[in-house]
Amino acid sequence: MATTRTAHTVWTGDLPQGKGTVSFDSSGIADQPVSWPARAEKAGGKTSPEELIAAAHSSCFAMALSNGLSQAGTPPERLETQAEVTLQPGTGITGIALSVRGQVPGIDEEAFLRAAEEAKANCPVSQALASTTITLTAALD
């Protein structure tokens, strides 16, 4: 069964001095302010499209990796995943760096890296961002 999630943004003003608010319609979590300076310079308590992509990618990847490890008979105790999305103003998103550290009983580093690479290739957010270079580092604690 397909699911659809919705968010919307209200923006006022021009790009450099304007500001917006992102509303998470599906979940009802707190609205978040956005601005160009938060996107291209310093966050200062505001989020950005790139940070939202990083949140989506890190959580999707963690779920995909957890599922793959579990299906292989080595469910994780803990996975800590980070996604760094790089924006080059005037160019766009130039790359995403995924990193994961895991506590997974009964698995070695090589098998963990294989599972992480498979999760990177198969997580729906990775697939949606396939036109962007995505790198991965993975290690066991």
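The figures that follow rest on heavy atoms only: side chains count, while hydrogens, waters and symmetry mates do not.
- Residue pairs meeting the side chain to side chain donor-acceptor pair (under 3.5 Å) criterion with at least one member in residues 118-128, sequence neighbours excluded, are His57-Ser126.
- In the hydrophobic clustering of this structure, Phe112 groups with Leu136; members are Ile, Leu, Val, Met, Phe, Trp, Tyr whose side-chain heavy atoms approach within less than 4.5 Å, directly or through other members.
- Rounded to the nearest 0.5 angstrom, Ile53 CD1 and Ser48 OG are separated by 8.0 Å.
- Side chains of Ser70 and Pro76 form a contact here, defined as non-hydrogen atoms less than 4.5 Å apart.
- Atoms CD and CD, from Glu51 and Gln32 in turn, are 8.0 Å apart once rounded to the nearest 0.5 Å.
- Looking at every heavy atom in both residues, Leu140 comes nearest to Ile107 through CD1-O, 3.5 Å.
- Side-chain contact annotation: Ser23 with Asp31, donor-acceptor N/O pair under 3.5 Å present.
- Between the side chain of Thr21 and the main chain of Val10, no donor-acceptor pair closer than 3.5 Å is present.
- For the pair Leu113 and Ala138, the tightest heavy-atom approach, listed with the atom from each and the gap, is CD1-CB, 3.9 Å.
- Of all the heavy atoms in Ser58 and Thr81, the pair that sits closest is O-CG2, 3.7 Å.
- Between Ala83 and Ala54, the shortest heavy-atom contact is O-CB, 3.3 Å.
- For the pair Thr12 and Lys19, the minimum side-chain heavy-atom distance is below 4.5 Å.
- Across Pro16 and Pro37, no two heavy atoms sit closer than the pair O-CD, 3.9 Å.
- If you take OG1 on Thr132 and CD1 on Ile93, they are separated by 6.0 Å, rounding to the nearest 0.5 Å.
- Listed by first and then second residue, the side chain to side chain donor-acceptor pair (under 3.5 Å) pairs involving residues 84-94 are Gln82-Glu84 (not counting sequence neighbours).
- The 12-atom threshold is exceeded at CD of Glu41, counting heavy atoms of other residues, nucleotides or ligands nearer than 6.0 Å.
- Although no hydrogens or angles enter the test, the distance criterion places a donor-acceptor pair under 3.5 Å between the side chain of Trp11 and the main chain of Gly13.
- Nearest heavy-atom pair, Ser66 versus Leu79, reported as atom, atom and distance to 0.1 Å: N-CD1, 3.8 Å.
- By the rule that hydrophobic residues join a cluster once side-chain heavy atoms approach within less than 4.5 Å of another member, Phe61 and Val104 end up as members of one cluster.
- Between Glu50 and Arg39, the closest side-chain pair of non-hydrogen atoms falls below 4.5 Å.
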